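Reviewing the structure listed below.
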Amino acid sequence: MKPGLRTKLASLLILAQASWVYPWFVASHIQLTGQAVRMVAGLLPEFFRQGEKTISHTSQDPDILTEVFTRALVTREKPDHYFDSEYLKGETLPLTRYEYYRLLHRKGLDPQVVGCLPYAIWEWTEKLTGAFAQFRRWPESKEIQTKCLLYAGILAHYVQDGCMPLHVTLHYDGQMKDGLSPRTGLHQKMDGLFQLVRLDTEKIAAGLKVKPSVDLYNLVLQKLKESQSLVEEVYRLETELMAEEKSSRVISLAEKCYQNALSFTATVFLTAWESSARARIPDWVEP
Ligand SMILES: [Zn+2]
């Protein structure tokens with residue numbers, strides 16, 4: 001099938017999609033986010049640790065935005081939850097969203113088909129950095145503290161979506177044929193992976209070391225690549241996942257995904273905090 005036609009068909013499909021866009025069930029987002037907050041306790045200000053519930057609660061919001069509001073918002077929001085990098089064929093990603101849109105346009109690709117997840121992560125990390133910078137100047141401001149907690153929750157969502165392997169491949173729900181997903185239901189099985197197997201999450205967290213990144217651009221690309229490297233394993237285990245079989249290989253896959261999501265979330269929290277020390281607040285900002 002011609003790429004143009006494939007893109008059009010995929011666009012139509014995307015508009016019809018309602019359920020597969022969920023990455024992990026929201027319970028998993030809430031759990032991962034809370035645990036990431038506890039991992040950076042002591043490295044970030046105390047209000048952040050105390051705001052764990054608010055951050056965790058907010059981490060489900062990007063999925064709510066794709067479901068309960070108007071078409072304008074749903075259409076804008078959905079592509080920020082996935083990135084089917086195969087369409088780019090190794091092309092270097094531009095630094096900004098609109099340059100990316102122009103690149104896709106030149107290649108005859110649609111942002112709604114390819115997805116914009118890396119940009120959501122870069123942008124929300126920068127938003128959290130800006131909020132932390134304001135906190136550094138006005139540490140007593142409850143309004144600024146609240147803003148930090150909300151931004152952190154939204155950022156955590158996109159980061160964790162990137163660690164669901166089927167959110168970073170065009171084979172998002174069964175192996176794609178003729179430009180269309182067979183919609184096998186595998187995506188939903190993967191969404192529930194952390195509910196299928198009971199992981200020792202405290203042990204996983206204890207085994208991870210968090211350090212800030214000085215190169216956010218490459219951090220995000222590297223983490224998404226790590227996630228994409230698990231796609232093959234997901235398809236090797238397709239039968240077991242569809243049967244909800246808790247084999248040792250399924251447990252090992254779940255552990256890897258959980259570890260990636262937890263480590264990535266804690267890393268971007270810490271990266272935003274460290275970067276905020278160098279961020280400039282305009283003179284006209286009020287506390
Ligand atoms: Zn999502």
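Note that the numbering runs from 1 along the sequence shown for the chain. Quick caveat: nothing in here was measured; it's all calculated off a predicted structure. Start at 1 and go down the list; that is how both ligands and their atoms are numbered.
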Q.
Before moving on, can you tell me the angle at the Zn ion (ligand 1) between the NE2 atom of His157 and the OD2 atom of Asp161, to the nearest 10 degrees?
A. 100°

Q) Could you go step by step and tell me if Leu230 and Lys256 meet the side chain to side chain contact (heavy atoms under 4.5 Å, CB included) rule? A) CA-CA 9 Å; Leu230 294 174; Lys256 274 184 223 156; 3.7 Å; yes

Q. In terms of side-chain geometry, is the basic nitrogen of Arg249 or Glu233 positioned less than 4.0 Å from the acidic oxygen of its partner?
A. no

Q) Which is the closest N/O/S atom of Asp63 when seen from the Zn ion (ligand 1)? A)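 This residue's closest N, O or S atom turns out to be OD1.
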
Q: Check whether any side-chain heavy atom of Arg278 lies under 4.5 Å from a side-chain heavy atom of Ser275, and answer yes or no.
A: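 Side chain of Arg278 against side chain of Ser275, heavy atoms only: contact under 4.5 Å found.
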
Q: Output yes if His81 passes the N/O/S-under-2.8 Å test against the Zn ion (ligand 1); output no otherwise.
A: yes

Q) Taking atom NE2 of His29 and atom CG of Asp63, what is their separation to the nearest 0.5 Å? A) 5.0 Å

